[in-house]
Number of protein chains: 2
Amino acid sequence: MQIGEAARRAGLTVKTVRYYANIGMVSPRQDAATGYRDYGEDDVAKLQFVGKARRFDFSVGECRELLGLYEDRNRPSREVKALTIKKIGEIDARLAELQSLKDELSSLAASCDGDHRPDCPILNALSGG
Amino acid sequence: MQIGEAARRAGLTVKTVRYYANIGMVSPRQDAATGYRDYGEDDVAKLQFVGKARRFDFSVGECRELLGLYEDRNRPSREVKALTIKKIGEIDARLAELQSLKDELSSLAASCDGDHRPDCPILNALSGG
DNA sequence: CTTTACCCTCCCCTTGGTGGAGGGTCTATC
DNA sequence: GATAGACCCTCCACCAAGGGGAGGGTAAAG
């Protein structure tokens, strides 16, 4: 099938699918006559897989690893689990960071009157040491 | 003072400070003889301000807005508070998104044996509809 | 014969900088 | 006077992960 249908079925944009072809992540056959990319069912499955993994915050590089494991019928599930655990750790770190940012900003916002007057604890905090 | 000292005192890299000069965020005087940038105390204060705001996850554009308010001795604190509240909202949205990602990944990881065998619920979930 | 809907490649744009090449300047030391 | 080291400058390329659009080819339908 053509790239448009493959993209629709994978829930991705044509641009994205073309990009994945360019970086060698999901490489379709090429129609010799038209030069059009020719996607098979297996390609669509891979695109769906990658799309889902991306939504799970895996980077393109990690998707490539996961795809390799996905295609290896003998891979140990250990490796997949390790990647997942690592990703969970990263998400945890980012969660903690964002939470602490939010706490600080919230207390700053709470201490600011937010009126027409120029005095502002938020700016004071940002400019202070 | 020269850019190196200004960067050190603001806790930024020289590259970053030069970048801020290029985009017109913090513009130092220029030494006519050497062509070197010449930072004053006020510039250092602005650099520190911007560095802190960046650490608070404000974008460069938002830093520019905040800097404008910071320099305006008559600004209403309302505007600063509004920017802060908006930023808190964004952080909240990202927190929720990451939390749900984490939950899903965690339950996937928990259901995976992580041994030498090829069966892997994580990959199954990624490849399934 | 023309419209419509596809497809292709190629290049620039985004965010917030980082890295390096190639070259000028200042001070200290030999 | 030469040279080394520590500064500084500009300009170009690069990162992630594509998005936007130009310019052009192709295929089927009316």
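As the structure is a computational prediction, the values presented were derived from the model and not from experiment. Each chain gets a letter, A, B and so on, in the order the sequences are listed, and its residues count up from 1.
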**Student:** Rounded off to whole Å, could you give me the CG-to-P distance for the A/Leu12 and D/dG18 pair?
**Tutor:** 8 Å

**Student:** In whole angstrom, give the distance that lies between atom CG of B/Asn22 and atom C1' of D/dC12.
**Tutor:** 13 Å

**Student:** Expressed as a whole number of angstroms, how long is the span from A/Tyr39:OH to C/dC7:C1'?
**Tutor:** 12 Å

**Student:** So what does B/Ile3 hit on the nucleic acid, given a heavy-atom distance under 4.0 Å: a base, only sugar-phosphate, or nothing?
**Tutor:** sugar-phosphate

**Student:** Distance from A/Cys120 atom SG to B/Lys81 atom NZ, nearest 0.5 Å?
**Tutor:** 9.0 Å

**Student:** If only side-chain N and O atoms of B/Gln2 are considered, is one of them under 4.0 Å from the OP1 or OP2 phosphate oxygen of D/dC8?
**Tutor:** yes

**Student:** Counting distance alone, no hydrogens or angles: does the base of C/dG20 have a donor or acceptor under 3.5 Å from a partner atom on the side chain of B/Lys15?
**Tutor:** yes

**Student:** At 4.0 Å (heavy atoms only), tell me whether B/Arg54 reaches a base, stays on the sugar-phosphate, or touches nothing.
**Tutor:** sugar-phosphate

**Student:** Locate the shortest heavy-atom distance separating B/Asp43 from B/Val26; write the atom from each residue and the value.
**Tutor:** O-CG1, 4.0 Å

**Student:** From the list C/dT18, D/dG18, D/dC9, which nucleotide is the closest neighbour of the side chain of A/Val60?
**Tutor:** D/dG18

**Student:** Give the angle between the helix axes at the two ends of the helix from C/dC1-D/dG30 to C/dC30-D/dG1, taking five base pairs at each end and rounding to 10°.
**Tutor:** 40°

**Student:** Check the distance between D/dG18's P and A/Arg55's CZ and give it to me in whole angstrom.
**Tutor:** 11 Å

**Student:** Could you state the CD1-P distance from B/Ile23 to C/dT18, rounded to the nearest angstrom?
**Tutor:** 12 Å

**Student:** Between A/Ala33 and A/Arg18, which residue's closest nucleotide on DNA chain D lies nearer the 5′ terminus?
**Tutor:** A/Arg18

**Student:** If only side-chain N and O atoms of A/Thr13 are considered, is one of them under 4.0 Å from the OP1 or OP2 phosphate oxygen of D/dG19?
**Tutor:** yes

**Student:** Between A/Arg37 and C/dT9, is there a contact of a side-chain N or O with OP1 or OP2 at under 4.0 Å?
**Tutor:** yes

**Student:** Given B/Arg75, which partner from the list B/Arg78, B/Arg73, B/Glu79 fulfils the side chain to side chain contact (heavy atoms under 4.5 Å, CB included) test?
**Tutor:** B/Arg73

**Student:** Name all pairs fulfilling the side chain to side chain donor-acceptor pair (under 3.5 Å) condition that reach into residues 29-42 of chain B, sequence neighbours left out, sorted by first residue then second.
**Tutor:** B/Arg9-B/Glu41

**Student:** Using modelled atom types and a 3.5 Å cut-off, is there a donor and acceptor pairing between side-chain atoms of A/Arg54 and backbone atoms of A/Phe58?
**Tutor:** yes

**Student:** Do the side-chain N or O atoms of A/Tyr19 get closer than 4.0 angstrom to the phosphate oxygens (OP1, OP2) of D/dA16?
**Tutor:** no

**Student:** Starting from P on C/dA5, measure out to CZ on A/Arg8 and report it in whole angstrom.
**Tutor:** 13 Å

**Student:** Please report the interatomic distance CZ(A/Arg94) to CG(B/Leu95), rounded to the nearest 0.5 Å.
**Tutor:** 9.0 Å

**Student:** Could you tell me whether a side-chain N or O of B/Asp113 sits under 3.5 Å from a main-chain N or O of B/Asp115, the two making a donor and an acceptor?
**Tutor:** no

**Student:** Does C/dT18 have its OP1 or OP2 closer than 4.0 Å to a side-chain nitrogen or oxygen of B/Thr16?
**Tutor:** yes

**Student:** Taking atom types as they are modelled, is there a donor-acceptor pair under 3.5 Å from the base of D/dG25 to the side chain of A/Tyr36?
**Tutor:** yes

